[in-house]
Protein chains: 2
Amino acid sequence: MLISEAARLFGNKGYENTSMRDIAAAVGILPGSLYHHFSSKEELFVAVYSFAVSQSVDAVKTAIKTRPDPWVRLEAACIAHMQGLLDKNRFAAVLVTHPSASGLPEQVVTLRDSYEAVFKDLIAELPLPAGIDQRIFRLGLLGAMNWAITWYRPCGETPASIARKLLSATRRE
Amino acid sequence: MLISEAARLFGNKGYENTSMRDIAAAVGILPGSLYHHFSSKEELFVAVYSFAVSQSVDAVKTAIKTRPDPWVRLEAACIAHMQGLLDKNRFAAVLVTHPSASGLPEQVVTLRDSYEAVFKDLIAELPLPAGIDQRIFRLGLLGAMNWAITWYRPCGETPASIARKLLSATRRE
DNA sequence: CTTCTAACCAAACAATCGCTTGTTTTGCAA
DNA sequence: TTGCAAAACAAGCGATTGTTTGGTTAGAAG
């Protein structure tokens with residue numbers, strides 16, 4: 001499938017290092033034929049990003065369903081996020097690969113915000129101490145998780161284990 | 001200065017989006033003249049990265065000097081890191097812009113490890129609960145901080161304030 | 001069978017990339 | 001003043017980029 005192949009390439013090599021020829025070759029068509037489906041590389045990327053966001057939202061919402069305890073819900077969401085980011089299909093990797101260089105398209109910002117809103121709600125449920133800034137807490141947690149894509153190795157710890165450990169550092173006894 | 005101008009461009013636009021022509025224009029020479037100082041773009045980037053690492057190490061070590069309390073030391077280090085990453089000269093921004101695409105040069109990995117070793121030592125000093133994985137704690141904290149480059153806006157909170165809030169979420173009362 | 005359209009091929013376009021080559025300028029030392 | 005090496009210029013190389021154009025194929029509808 002075109003979108004998922006492009007997502008895999010964007011996620012693995014980044015936006016700039018993935019050429020339209022790379023994507024075409026992965027799908028098995030000629031480069032020019034891509035422009036029958038998308039009018040530009042950026043439009044294709046937006047479609048890929050949108051696909052990744054909906055996949056991630058689904059994965060997280062499925063994971064937190066039926067869990068009542070706020071901390072357990074957040075942990076389940078983090079595990080789902082890390083698995084989407086680091087496991088074999090890595091559909092969420094594209095969410096963290098587009099650099100902010102020269103401004104990323106407006107639609108992408110909106111999509112990203114819609115995903116982070118899920119975590120915003122989960123954090124709002126937590127019985128956090130009064131002094132904790134929920135926004136910074138959310139951005140910090142997402143950063144700690146997303147940064148893992150720079151150091152994670154498949155041979156080491158499992159993504160779920162990493163997620164649990166990252167969260168345990170923020171959760172007081 | 002050549003290195004600092006290149007660092008500013010690499011930090012702002014990323015490695016792939018910064019051309020040798022961009023750097024030459026910023027310094028005020030012709031593109032080909034850069035190859036009198038560095039034999040390749042990658043060699044120039046390694047020099048820039050090395051410069052950024054030594055700047056960052058100096059800033060952090062200066063910040064923690066004379067501080068005795070382990071948590072205060074780590075907080076001072078985080079504030080210094082965030083300021084180098086986000087403040088006006090942003091000499092540390094280049095440390096987080098090179099994507100892992102197709103493997104980053106070996107020297108860069110060594111340099112990055114030498115910087116993270118400073119944080120490793122600081123965390124080893126902490127009176128952390130037995131269950132906390134120090135390595136994951138370090139990677140999570142650095143990720144939470146480095147990720148701020150994707151959402152930080154100069155008009156908002158100060159880098160030092162962000163650093164304190166990020167750390168307060170991990171520090172148990 | 002004809003007609004139409006979506007999908008793709010084949011070939012190339014202009015622009016930009018990192019980099020090379022040969023020459024000229026600059027600045028300092030003898 | 002002369003000599004020399006570092007530094008910068010001037011021009012272009014081959015390769016790759018995103019993209020365009022025009023023709024070809026396949027399958028469904030009439």
Side-chain angles (χ1 to χ4, degrees), chain A residues 1-52 93-109 111, chain B residues 1-52 93-109 111:
Chain A
M1 204 265 204
L2 210 172
I3 297 282
S4 56
E5 276 300 318
R8 189 179 57 85
L9 288 171
F10 281 141
N12 284 339
K13 311 200 302 171
Y15 180 79
E16 313 292 344
N17 287 316
T18 302
S19 69
M20 296 295 268
R21 285 168 175 81
D22 291 338
I23 299 170
V27 183
I29 61 177
L30 291 190
S33 304
L34 287 175
Y35 289 83
H36 178 72
H37 304 274
F38 303 95
S39 66
S40 72
K41 184 183 182 182
E42 181 167 301
E43 184 180 304
L44 168 58
F45 179 80
V46 171
V48 166
Y49 197 98
S50 173
F51 168 77
V94 71
L95 301 181
V96 303
T97 51
H98 202 18
S100 59
S102 66
L104 54 177
E106 178 187 354
Q107 308 178 47
V108 167
V109 176
L111 287 164
Chain B
M1 206 265 204
L2 210 172
I3 297 281
S4 56
E5 276 299 318
R8 189 178 57 84
L9 288 170
F10 281 141
N12 286 337
K13 311 200 303 171
Y15 180 79
E16 313 291 344
N17 287 316
T18 302
S19 69
M20 295 296 269
R21 287 169 174 83
D22 291 338
I23 299 169
V27 183
I29 61 176
L30 291 190
S33 304
L34 287 175
Y35 289 85
H36 178 71
H37 304 275
F38 302 95
S39 67
S40 71
K41 183 184 181 182
E42 182 166 301
E43 184 180 303
L44 168 57
F45 179 80
V46 170
V48 166
Y49 198 99
S50 173
F51 168 76
V94 70
L95 300 181
V96 303
T97 52
H98 202 19
S100 60
S102 67
L104 55 178
E106 178 188 356
Q107 307 179 48
V108 166
V109 176
L111 287 165

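Below, each value reflects all heavy atoms present in this structure, side chains not excepted, and no hydrogens, waters or symmetry copies.
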Distance in angstrom units between [X] [atom1] and [N] [atom2], rounded:
{"X": "B:Glu16", "N": "C:dC17", "atom1": "CD", "atom2": "P", "answer": "12 Å"}
{"X": "B:Lys13", "N": "C:dT16", "atom1": "NZ", "atom2": "C1'", "answer": "12 Å"}
{"X": "B:Asp22", "N": "C:dG18", "atom1": "CG", "atom2": "C1'", "answer": "12 Å"}

| query | So which pairs with a foot in residues 26-39 of chain B pass salt bridge (Lys or Arg N to Asp or Glu O under 4.0 Å), sequence neighbours left out? | reply | none
| request: Using the salt bridge (Lys or Arg N to Asp or Glu O under 4.0 Å) rule, collect all pairs that involve residues 27-41 of chain A, keeping only residues at least two apart or in two chains. | output: none
| query | Would you say the side chain of B:Leu2 lies within less than 4.5 Å of the side chain of B:Leu44, judging by non-hydrogen atoms? | reply | yes
| said: Do B:Val94 and B:Phe51 have side chains that approach each other closer than 4.5 Å (heavy atoms only, starting at C-beta)? | reply: no
With a 3.5 Å cut-off and sequence neighbours excluded, list the donor-acceptor pairs that the side chains of residues 19-30 of chain B form with protein atoms.
unit_1  : atom_1 : unit_2  : atom_2 : d
B:Ser19 : OG     : B:Arg21 : N      : 3.4
B:Ser19 : OG     : B:Asp22 : N      : 3.0
B:Ser19 : OG     : B:Asp22 : OD1    : 3.4
B:Ser19 : OG     : B:Asp22 : OD2    : 3.2
B:Asp22 : OD2    : B:Lys13 : NZ     : 3.0
B:Asp22 : OD2    : B:Ser19 : N      : 3.2

| task | Map A:Arg21 and B:Met20 onto DNA chain C by nearest heavy atom, then report which one ends up closer to the 5' terminus. | result | A:Arg21
| message | Listing request: all side chain to side chain donor-acceptor pair (under 3.5 Å) pairs with a residue in residues 29-39 of chain A, at least two apart in sequence or in separate chains. | response | A:Ser39-A:Glu43
| Does A:Thr18 reach the main-chain N or O of A:Tyr15 with its side chain, forming a donor-acceptor pair under 3.5 Å? | no
| Short question: side chain of B:Ser50, backbone of B:Ala47 - any donor-acceptor pair under 3.5 Å? | no
| How would you give the extent of chain B contacts on DNA chain D, as first and last nucleotide 5' to 3' within a 4.0 Å heavy-atom cut-off? | D:dA6 to D:dG12
| Which parts of residues 29-41 of chain A get close to DNA chain C, meaning a heavy atom less than 4.0 angstrom away? | A:Ile29, A:Leu30, A:Ser33, A:His36, A:His37
